[in-house]
Each structure stands twice: as C-alpha cells, then as structure tokens.
Amino acid sequence: MGELSEALLHFSRELVTRKAAEQRLRQPRVISEVIGGIFLGPTVMGRIPGFKNAIFPDASISGLTLTSTIGLIVFLFLIGLEIDTKIVKRHLVGASAISFAGLAVPLGLGAALGIPIYKEFINPDVNYGYFLLFTAVAVGITAFPVLCRILTELKLLETTVGSVTLAAGVGNDVVGWILLALTVALVNASSGLTALYVLLASAGFIIFLLYPGKWAYRWLAIWTGSLERGAPTAGMMTLTLVIVFASAFFTDIIGVHAIFGGFLAGLIIPHDNGYAISLVEKLEDLVNIIFLPIYFTLSGLKTNLGLMDTGKTWGYTLTFMTTPLTLFFYPPKYRTRDAKPDHSVEGGTITHPNSSEETKTRFALVLDRIEQLPAAMTIAHLLHPSSASSTSSSIDTADKSESSLEKPPVYAGSPSISSRISINALRLIELTSRTSAVLKSKAAESLVFSDPVVSVFRTFGQLNNFLVSAALSVVNHDDFPSAVAKHVSETESQMVIIPWSRGSTEIDDETDSGAHNPFDGVFHKTNAISRDQTSSVVYSEFIRNIFSTSPSNVALFVDRGITTSHAESTAHHLLLPFIGGPDDRLALSFVVQLARNPLVQATVVRIQKTDDLSRESTNTEKKEAVDSASHIPVVLQTLAAADTVYAHGDTQTRLISETADNVAWDRYASTSVSHDAETTAALTRISFTVLSTSTPLHAVAEFATKLSQANNVIVVAGRSRRMAVEAHKTELQKVITEAGVSLASSVSKTLGDVGAALVASNTRASLLVLQATNDA
C-alpha cells in the first residue's frame, strides 16, 4: 500500500482534532474518525485526478478490508468486554423500563423511516421486510462505548440518571446486537429453513459461550493466577485472542457476521480485581491507532456525499448532537448523585472546621501519580506530631525552656487538637481516549479500595495514627482543577496540599568510563543527574489552575530532594522568610503548627527592605493589575500557561495588610503573648529574627544555602501573587542572570518570586509554597 497511504490513514484519525471534536463540538472522538474517512473518500480528496488510483488502488482494497475486519472483531470484543452485568442488577427495574422504551421507540422510528427510503432509493428486488428490519436495528442499536464516554465527560456517571442510563444501555446493546445478527442471518439465508438453522446455531453457540465457556475461562484465570494478580499472563492473553478469533470464525461460517463472535467473546471476560481493565490496556492502542482508522478510511472511500444533491436526500439525513442536547435538557443543577460520596475518615469522625481558623485540622491531599507518594508522606508526617517517636526528646532544640519539658504528653500523642488532623486524599486518574479509562471511570467506586497509590497512603496513615479518607475521580486532565475544587468543597477541607515529586534521574554516560552501577540512580552518585521538576510547564499549569480555583488555602510542597547524610536524618528545619501579605501570614501560622512536631525546628526571618530599589519593579507589577480596587483573582491565559494575577490594593488596603502583618508577627515573636500548651511548646523550637537588607531574594537564598549544609531544610514561603508588601521582579531577574541559568516564566508564576529565586540559585532545599484564600 506504500508509506504515503499509511501516513494518510493515520492522518484521517487526526484530521479533525480531539480538542475540536470533544470540547468545541462536544462530540465523541469517533466522529472525528468518521469525518476523516469521508475526507479521504470521493467526497473531497477523491475528486483530485488520479488520487484514488495512486493512494488506494483496487489491488490494495482487499488487504485493507481483511485488516479492517480483524480490527473490527477485536474492537467489538472490547465493546463486549465493557459490558458489566452488575450494573444491570443494581438498577434492574428502572433499567428494564428504560431499556424497553429505548428499544421500542427507536426501532419503530427506524422502521417508519425505512418505508419512504425503500420506496425512494432501494431496488425492488431487495426484500422489503428485511430492509425495514435492517433500518430499525441501525437506528435502534446503542453505541455503548460512546454512551460511556458521554456520561463520563459530562460527569453523569456518578448520578442516578447516569447509572440507570448505563444499565439500560447494557440491555439495549445486547438485544441490539442479537437483532443485528438476526438481520444478517435472514439476509444471507437462501430459504426459511436456512434462516432457522442459523438462528438455532447462533442460540446454541451463545448459550455454550456464556455458561460453560465463561465458567471455564474464569477457572483458567484463577488457576493461572491471572485473576488474583489482576492482569492476564502471556498464556491467558494468547488463549483470549484464540477465543476471540475462533468465535468470530464460527459465527461467520454459520451465516452471521464475524464481528458478532468477537462481541460474544467479550462477554465472558471476568471484571474482578481490574482483570478486564488490564486486558483492555494490552489491546486498545493497537486497535485504536492502526485498525480503526483503516476501517473508517474504507468506510469513507465508499461514501460520496456529493450524491446527496437534492433537498429530499438531505432531508433523510438526520444528525443528532447528543452531548449538547444532554447539557441543554439536563443541566448540572438538576443532577443528583447515585450514592453520596463517603468522606468519613478511618479511626473516628471530626467536625467540619472553617478554613479561616488558625490551626488547620482538615486537609485535602491531591495524588495523581505514584511518584507523589514520598512528598505526600513527608508533609503528612510533619502535620501529625503524635507520629513522632517517643525518643525524639533527645534531639537538641534551640532555646528549649523548662515548661516544654514539664508537659510532654501535650504533643506526644495525647487527645489534643493535632490528634484530630485528618487527610482527605483525592486520587486523580486521567480520562483519556482509551477504553480502559472508560472502564476505570465505571469502576471508580471499587478502584478506590484497590488502587495502589491510595492503598499505600492509607496504610501509611494507619501506621502513623492519623485519620485518612480517600476518593477517586476519573476525569479529563483539563478538569483536574475543578475536580480538586469540588472535592475540597464536599470535604470542607481547610487546606489543599499538592505534592510535587522530584524530577527524573538519569545517569551521565560522559563521566563514567566503566560499567554502570544500577544503584547509582537510587543513591544519587556523582554521575546521577536529577532534573528539576519545576521546569515542567504542563504540571505548572495544573498547579496554577488549582491556585486560581480552590475555595480554600493551598499548600504546594515541592520535594527537591531531602538529604539524609547526617545522623539525625528524620529531623527537619523550616525556614520562613516573612516579607508580608496574606500568604506570608498563612505561612507563619502554618510553620507554628508544624513546629508542634518534636522533630521540627524552625527559623522565621522577617525581611525588611532598606531602600527604594523596588520602586521600578513595583511600577512594572502595577501594569499587570486588572483593577486596583478589586481583590478578585483573574485568570489570564498566556503562552506559558494559565496564570493567576491579583490586583494591587489601594493605599488603605495596603496599610491594613501591613498592620495585619505586624499583629501576626507580634502574636508569635513576642514573649508577652500567652498561648495554649501546644503552641507554647512549638514556639520553643522556633527562632525569630529580623533582617534588614536591600536584596531580600539574595538574602533568603544565602540563608537557605547555609542552613541546608547541615539540615533537612524546607523553605516555607508565601506565593505572594496578591497584596504583597514588596515586588521583587527586578531582583529576581538579577538572581537569574547571576546564576547563569535559564528559568521559565512559569516558575515564578507558580512558586512566587521567593520560590523562583531559590530554584534559580540551585538551593538544596525543598519548598512549601502557600496561598491564602481570597478572604484572608
């Protein structure tokens, strides 16, 4: 067929992009594939002289037909595999009624539509009854994968309507394909006796495959350990493909189309323990990337829209925009969940606090991949003082007073405020175009108990005696921030924690002349190079969208690699450069809360600028202001990615903010203010310092570098994208220039100026960037 024709086949798949098909037109991706096939056919490209003979000669059509038939068999196998009878059993009554109506009405309309079409366009030699049956089935059959994707993308899968619709779709799909097989059998049969033979053979094969065949397959899956592991072995994978093609071969030789055999083979696959999802993942890319584009290309080659040259022919062509109509007739405000999400925590229940309270006790943790677990565990360990070892009292602390030694139970496991801390983990899984993603969206309720990321973190919480709940959401990547915001609202969390794991590690071949040590990447030898994760533009966009849409405080923990070379590797030293603004005030109170952990020491430095070097940068920042009197964040779409730019307040607002800074500082730095026992013990582990400097970013970087030489340092900083006391854009440029590095603009927009300066100066410290709510 040639390389050019193969390239055009794949081009047909991407002709109408996924963004246009799925987002702008609100249609499933299969629509773009159909349009791509029509584009390559006689409707458009086929009108070019010599195009068909050069790209799709007649000799290549038979090979393409065979290849597309094989792909269609496997595709129908995947469709049958998506059908789960448990969904039907859960909503049997409602689904039965809807399924009957959903079949009877379309079948009747299809048959009625077939009458004028037969009289207008069909040769009288074609059997009239068979044609009406065919048009009825063509209109009435349900595209089950498309239905699943529409319900998932519209976030209807967890609603009552979505569950019942999906259950009805299962019944419609099974009955519809049986009717299609009946239609094919009648058309291919030369006599009534032959048709009866085809029907009886088909019924016997269905019973054989769905009962003894299904039981035998399940027994083999258990015997080989595939069902227990949740993934098919090579032997089970081979057996599955043999069953698929053998079933297709049998249904073809008895007079029914081969694709019906592939569909029946999919019905016998067990769905336990994610086995079906794993099997789909091994096949779907081959089908979706190679076979289906070939099938739709062939369909397009046989479709000529130019023949529809009259108003009558176009009148018979009806296009239904399913998704937009669903959005119009069933808006989100009328949707109710099939089952209210359970956000109860393991180990007890707590009240729902307000996000403005000083001590945060309810957190939402975002987990979208397994690499985030080390960072998530680190911040969770710091949040829960009772997880500290009883031997932690041997750790030297600065300025420890006698009062902190008199009441050790306050922060060592007693039923205090800290012991009520709970973490509501949200596991995010991307809803891609793959069939396995749709299966995961349907099985989200069960996946939350078997997902390895959730299981590991839940076990970590149980071992460290803090309360953990978990939820799992399968949505498009662009909908991740809205899913996080929804989770925060439902759980009434006071703070969202976003862990950002370190970048990938590679071995530098140039510095190693001998054999590779496989442990070099683990222990970070001199020839192991770790890429800084803050250079990721895609993940930065995701984080900034959370910053702009979250209804609560946000904490971004950037794990840049905590050292473990010294003896007291479990201790952490927090450094807070307090410059001012609502984000820094939140950071100050949060550092005090973290210092309740006996393994945490902290240094808080209040930065006071001594000259007017910031005037130029302040004027530059003011150009980005949307409205000087507005406190509402505005999301700007830039080339780098979405950014949150907060308007500067007027003079009165800034004076109020500075006054609040002084009050917050005096509350913790002053010795004359009384606190509860936990806070008093925490303050003994915090040293407060005032630093006057003309270059705050340089001073912070030097301070962090000096501390990180002997400590596991975590720099806590406010994001300061709104109402900051000082702007540091000019100095940040100087830091970047002096370091001789190239820093993307997304870094400062995500981490703030302080965080960006630490990244540019290559400071060996992790970052904890906080942003307060809009009402702070």
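For this chain, numbers begin at 1 and follow the sequence in order.
- F480 and D368 make their closest contact through CE2-CB, 4.5 Å (heavy atoms, listed as atom of the first residue, atom of the second, distance).
- Atoms OG1 and CZ, from T251 and F263 in turn, are 12.0 Å apart once rounded to the nearest 0.5 Å.
- Counted by atom type alone, T135 and Y118 present zero donor-acceptor pairs between their side chains at under 3.5 Å.
- At distances below 3.5 Å, at least one donor-acceptor pair connects side-chain atoms of T65 with backbone N or O atoms of I61.
- Residue L209 comes nearest to S247 through the heavy atom pair CD2-OG, 3.9 Å, listed as atom of the first residue, atom of the second, then distance.
- Taking the six-membered ring for Trp and the full ring otherwise, the centers of Y539 and F542 sit less than 6.0 Å from each other.
- Rounding to the nearest 0.5 angstrom, the gap separating the CD1 atom in I243 from the OG1 atom in T238 is 11.0 Å.
- Atom CG of L298 sits about 4.5 Å away from atom OG of S68, to the nearest 0.5 Å.
- A distance-only check finds no donor-acceptor pair linking the side chain of D479 to the backbone of V475 [under 3.5 Å].
- For the pair R229 and Y275, the cation-pi test (distance below 6.0 Å, angle within 45°) is failed.
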>> Show, in sequence, the C-alpha distance, side-chain angles and deciding distance for V44 and I38, and conclude whether the side-chain contact (heavy atoms from CB on, under 4.5 Å) test is met.
In response: CA-CA 7 Å; V44 182; I38 294 175; 5.7 Å; no
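- Although no hydrogens or angles enter the test, the distance criterion places a donor-acceptor pair under 3.5 Å between the side chain of N273 and the main chain of E228.
- F249 contributes atom CZ, which lies 11.0 Å from atom CD1 of I254 (distance to the nearest 0.5 angstrom).
- Here the side chain of S473 pairs no donor or acceptor atom with the backbone of L428 at under 3.5 angstrom.
- In this structure, R427 and D451 approach most closely via the heavy-atom pair NE-OD2, 2.8 Å.
- Minimum heavy-atom separation, D272 to L227: O-CD1, 3.9 Å.
- In this structure a side-chain-to-backbone donor-acceptor pair under 3.5 Å is present from N545 to E541.
- A side-chain donor-acceptor contact under 3.5 Å links H271 to the backbone of L81.
- Atom CD1 of I117 and atom CZ of F131 lie 5.5 Å apart (nearest 0.5 Å).
- Between the N127 side chain and the Y130 main chain, a donor and an acceptor come within less than 3.5 Å of each other.
- If you take OG on S202 and CG on L264, they are separated by 8.5 Å, rounding to the nearest 0.5 Å.
- Smallest separation of non-hydrogen atoms from L279 and M237: O-CE, 4.1 Å.
- In terms of heavy-atom proximity, A201 sits nearest to F250 at O-CE2, 4.4 Å.
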